[in-house]
There are 2 protein chains.
Amino acid sequence: MTTKSKSRGAASLPLNSVLSGDCVAQMRKLPDESVDLVFADPPYNLQLKGELMRPDNSRVDAVDDDWDSFDSFKTYDTFTRAWLKQARRVLKPHGGIWVIGSYHNVFRLGAELQNQGFWILNDVVWRKSNPMPNFRGKRLTNAHETLIWASKSEGAKYTFNYEALKALNEGVQMRSDWVLPICTGNERLKDENGQKAHPTQKPESLLHRVILGTTNPGDVILDPFFGTGTTGAVAKAMGRDFIGIEREAEYRRVAEARIAQVRTYDSDALQVSTSKRAEPRVAFGVLVERGMLRPGEVLHSLGGRHKARVRADGTLVCSEAKGSIHQVGAQLEGAPSCNGWTYWHFKRDGVTVPIDLLRQQVRAEMAEG
Amino acid sequence: MTTKSKSRGAASLPLNSVLSGDCVAQMRKLPDESVDLVFADPPYNLQLKGELMRPDNSRVDAVDDDWDSFDSFKTYDTFTRAWLKQARRVLKPHGGIWVIGSYHNVFRLGAELQNQGFWILNDVVWRKSNPMPNFRGKRLTNAHETLIWASKSEGAKYTFNYEALKALNEGVQMRSDWVLPICTGNERLKDENGQKAHPTQKPESLLHRVILGTTNPGDVILDPFFGTGTTGAVAKAMGRDFIGIEREAEYRRVAEARIAQVRTYDSDALQVSTSKRAEPRVAFGVLVERGMLRPGEVLHSLGGRHKARVRADGTLVCSEAKGSIHQVGAQLEGAPSCNGWTYWHFKRDGVTVPIDLLRQQVRAEMAEG
DNA sequence: TCAGACAATGAATCTAAGG
DNA sequence: TCCTTAGATTCATTGTCTG
């Protein structure tokens with residue numbers, strides 16, 4: 001695996017590598033405010049009891065490894081508090097965090113996130129299209145897991161590629177319920193005996209959506225419960241850097257072999273739909289300066305009921321109001337706000353055109369030069 | 001509203017009425033272990049700040065009621081602890097509880113349920129088919145709410161009408177995600193001005209599923225945050241008793257008027273598919289004893305490839321195997337197990353019929369006499 | 001009467017840059 | 001840090017109006 005370092009002040013980050021040992025201890029070594037996203041799939045406090053699952057004491061192929069035994073909620077909360085505290089310290093002020101869990105642990109996770117000042121943005125339901133049925137008919141089929149997406153604090157900025165997720169969802173905004181299949185088939189990593197290498201391997205499709213939606217290329221993603229490295233594999237493919245932490249040597253080995261085989265997508269494939277908000281701001285006055293509109297020229301409102309005249313300083317005036325294109329539009333419509341760019345139109349050769357077309361021309365010229 | 005009382009020892013229950021005042025104080029007056037189910041839709045503590053306008057400049061009518069406002073998480077947790085403690089005391093040992101919330105409060109709810117010793121059975125996602133969109137494009141559409149279903153303690157029995165929910169779900173196991181529309185149209189209660197009578201009225205379909213799946217006719221359902229009485233309306237329609245508690249006089253008034261108009265379904269409509277587990281076990285030999293099958297009679301396998309003969313002791317025999325209907329079926333199919341009731345068929349008047357039909361006849365006779 | 005346009009609305013933690 | 005201003009942003013369903 002190629003390991004690069006990003007220097008940040010005196011410290012540098014162990015990028016694109018899998019650190020061994022306890023995640024709290026390892027995170028302590030990382031500098032403050034150094035990663036853009038944390039994705040955490042902590043061990044579930046499943047409290048499975050073998051005798052409940054298998055009366056005949058046969059081997060339970062479920063989540064009952066040593067690392068998943070916590071003797072009480074208190075212990076689990078202490079553990080959760082410790083790793084979340086470090087994750088929060090390491091996270092940049094405008095970074096994001098995702099945690100995933102089931103009903104066994106997700107309420108502890110969510111409450112502790114809130115207690116530490118993280119600001120929940122959404123809870124997201126991963127609706128499994130092919131869950132394991134409830135064989136005994138004593139409960140509902142447990143067909144989902146819950147993710148929580150949060151920013152570092154209330155009011156903090158955060159990365160959200162709204163348009164990209166909307167595009168992924170066939171043009172309507174992405175909802176908080178995601179229907180994705182569980183990890184099976186070739187994607188499911190096996191050991192030399194053909195047994196699954198990790199009991200709770202997450203599907204890459206899930207990480208793809210998380211990373212596409214809430215990071216940008218070049219961002220650093222920290223996964224303190226790396227397991228067999230789904231986060232790292234998808235991060236690498238998508239041109240993001242990752243830092244993994246994993247206690248179990250065997251999982252690290254599998255993860256490193258897996259990630260070594262991943263190729264990063266071409267950079268143009270990593271370009272996503274951007275929002276208009278990301279485009280450079282253009283002052284209306286620039287259109288007048290450039291002669292695209294003449295002072296004194298008449299603009300017509302959407303619908304054609306109102307008219308206003310352009311002034312040399314880039315404001316509009318009419319009998320009822322004067323001011324910016326937005327202010328005059330809002331005033332005429334009796335609305336609290338108005339987007340003047342789409343509201344006002346001008347006429348050229350008998351055709352009525354929104355002034356936003358001129359803004360697009362300016363932006364195109366800015367991009368060239 | 002007809003109010004009846006169920007006496008339980010010295011105390012009696014204010015059935016099918018809406019109590020006024022604080023839910024903690026009112027629950028304190030109820031006897032220990034007296035209700036079968038608690039359904040609770042507590043305030044969500046939304047923490048909304050300013051106004052929100054839609055893109056068309058209309059204002060979103062938000063939940064800004066005083067009852068939803070709390071100073072801090074600590075205050076909210078104290079409140080949650082208090083009402084859950086009373087709910088738990090009032091609940092029968094084999095009773096169940098449902099709570100509903102959003103990401104604002106549901107993690108606090110779930111954690112406190114666990115802290116008090118409730119045993120979570122499922123978390124259920126209500127996926128809204130028509131949620132309000134995210135108007136500013138800053139987050140995912142908040143398209144679901146979360147319900148938590150729990151028993152009073154680990155190992156406690158609880159009511160779960162598995163077959164009824166399966167039937168409701170077109171013959172496949174009910175999953176932990178329920179797609180239901182929000183409460184609109186005629187179902188949405190309006191005040192005299194045509195405004196919604198309650199900002200967060202739940203759809204009856206949601207309560208229908210809860211009550212069908214986790215109570216039996218005649219059970220007592222307590223709703224400490226009664227609002228406009230969806231729980232009571234569905235409970236009454238389904239032949240369950242309810243106890244409502246509501247602080248706001250106007251909500252109580254609306255709820256009482258609403259419930260007065262509800263008619264209870266006919267009792268045969270309330271008979272639900274019962275779990276096969278709950279049905280009396282019928283030994284195959286009984287069919288022979290009763291003369292429904294003759295010893296020596298030939299049974300044919302599903303698909304017709306195999307035959308076996310009935311023996312007088314209620315076992316089957318063929319050249320390859322002998323034993324119970326299940327054992328022989330499994331042996332012939334090379335399968336680890338086999339449901340002999342659906343596997344084996346007999347012929348009467350040229351028609352091939354599964355032996356399960358005979359079992360059903362036996363059960364019907366047992367039910368009658 | 002019916003089709004189609006138009007309006008209303010739902011538990012919402014809903015902006016960002018620049019002065 | 002506060003205040004002002006630019007200007008970006010919606011889905012499914014039901015009810016009402018119009019031609």
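Note that these values count all heavy atoms, side chains included, but never hydrogens, waters or copies made by symmetry. Sequence lines set the chain letters: A, B, ... in the order given, protein chains first and strands last, and positions in each chain run from 1.
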Reckon [X] touches a base, only the sugar-phosphate, or nothing at all at heavy-atom distances under 4.0 Å?
{"X": "B:Val106", "result": "nothing"}
{"X": "B:Lys49", "result": "nothing"}
{"X": "B:Gly50", "result": "base"}
{"X": "B:Asp41", "result": "base"}
{"X": "A:Arg359", "result": "sugar-phosphate"}

Atom-to-atom span, [atom1] of [X] to [atom2] of [N] - whole angstrom:
{"X": "B:Asp56", "N": "D:dC11", "atom1": "CG", "atom2": "P", "answer": "13 Å"}
{"X": "B:Asn130", "N": "D:dG15", "atom1": "CG", "atom2": "P", "answer": "12 Å"}
{"X": "B:Arg136", "N": "D:dT9", "atom1": "CZ", "atom2": "C1'", "answer": "6 Å"}

Hey, which of these two, B:Lys196 or B:His104, hits DNA chain C nearer its 5' end, going by closest nucleotide?
B:Lys196

For B:Thr200 and A:Arg277, find the nucleotide of DNA chain C closest to each by heavy atoms; which residue's nucleotide sits nearer the 5' end?
B:Thr200

Residue set satisfying side-chain contact (heavy atoms from CB on, under 4.5 Å) with B:Asp177, at least two apart, ordered chain then number -> A:Arg127, A:Ala143, B:Val125, B:Arg127, B:Arg175

Go through the structure and list residues passing side-chain contact (heavy atoms from CB on, under 4.5 Å) with B:Arg59, not counting sequence neighbours.
B:Glu51, B:Met53, B:Asp61

Is there a residue in [range] whose heavy atoms reach under 4.0 Å of DNA chain C, and which residues are they?
{"range": "residues 147-173 of chain A", "result": "A:Lys157"}
{"range": "residues 138-146 of chain B", "result": "B:Lys138, B:Arg139, B:Asn142, B:Glu145"}
{"range": "residues 316-325 of chain A", "result": "none"}

Just so I know, are the side chains of A:Trp126 and A:Ile100 near enough to count as touching, which here means a heavy-atom distance under 4.5 Å?
yes

Taking the nucleotide of DNA chain D with the nearest heavy atom to each, does B:Ser129 or A:Gly340 sit closer to the 5' end?
A:Gly340

Heavy-atom nearest nucleotide on DNA chain D taken for B:Pro131 and for A:Val282; more 5' hit belongs to A:Val282

Hey, where does DNA chain C pair up into stems, meaning at least three consecutive Watson-Crick or G-U pairs with distances under 3.5 Å?
C:2-10 with D:11-19, C:15-19 with D:2-6

Phosphate OP1/OP2 of D:dG7 contacted by A:His326 side-chain N/O (<4.0 Å)
yes

Tell me whether the side-chain N/O atoms of A:Asn339 come closer than 4.0 Å to OP1 or OP2 in D:dA8.
yes

Let me see the working for B:Arg253 and B:Glu250 under salt bridge (Lys or Arg N to Asp or Glu O under 4.0 Å), right down to the final yes or no.
CA-CA 5 Å; B:Arg253 192 188 64 73; B:Glu250 179 60 15; 2.8 Å; yes

Salt bridge or not for [X] and [Y], using N-O below 4.0 Å?
{"X": "B:Asp41", "Y": "B:Lys202", "answer": "yes"}
{"X": "B:Glu204", "Y": "B:Arg209", "answer": "no"}
{"X": "A:Glu163", "Y": "A:Lys276", "answer": "no"}
{"X": "B:Lys49", "Y": "A:Glu154", "answer": "yes"}

Axial cation check for A:Phe160 ring with B:Arg139, 6.0 Å and 45° limits:
no

Residue pairs meeting salt bridge (Lys or Arg N to Asp or Glu O under 4.0 Å), one or both in residues 104-114 of chain B, sequence neighbours left out, come to B:Asp77-B:Arg108, B:Arg81-B:Glu112

Contacts of A:Glu297 meeting side chain to side chain donor-acceptor pair (under 3.5 Å) (sequence neighbours excluded), chain-then-number -> A:Arg348

Can you name the residues that form a side chain to side chain donor-acceptor pair (under 3.5 Å) with B:Asp123, not counting sequence neighbours?
A:His144

By ring pair (Phe, Tyr, Trp, His ring centres under 6.0 Å), which residues pair with A:His306, not counting sequence neighbours?
none

Under the side-chain hydrogen bond (donor to acceptor under 3.5 Å, both in side chains) rule, what do A:Glu333 and A:Tyr343 come out as? Steps first, then yes or no, please.
CA-CA 10 Å; A:Glu333 293 297 321; A:Tyr343 181 76; 2.6 Å; yes

Contact residues, residues 177-193 of chain B to DNA chain D [heavy atom, < 4.0 Å]:
B:Thr184, B:Gly185, B:Asn186

Is it the case that more than 12 heavy atoms not belonging to B:Asn186 sit under 6.0 Å from its CG atom?
no

Taking the six-membered ring for Trp, is the centroid-to-centroid distance between [X] and [Y] below 6.0 Å?
{"X": "B:Phe225", "Y": "B:Trp83", "result": "yes"}
{"X": "B:Phe70", "Y": "B:Phe79", "result": "yes"}
{"X": "A:Trp98", "Y": "A:Trp149", "result": "yes"}

Stepwise ring-ring contact (aromatic ring centres under 6.0 Å, His included) check, B:Phe39 with B:Phe242:
CA-CA 10 Å; B:Phe39 183 91; B:Phe242 69 88; over 10 Å; no

With syn defined as a glycosidic angle within 90° of 0 and anti as everything else, classify C:dT13.
syn

Start and end of chain B contact along DNA chain C [non-hydrogen atoms, under 4.0 Å]:
C:dT9 to C:dA16

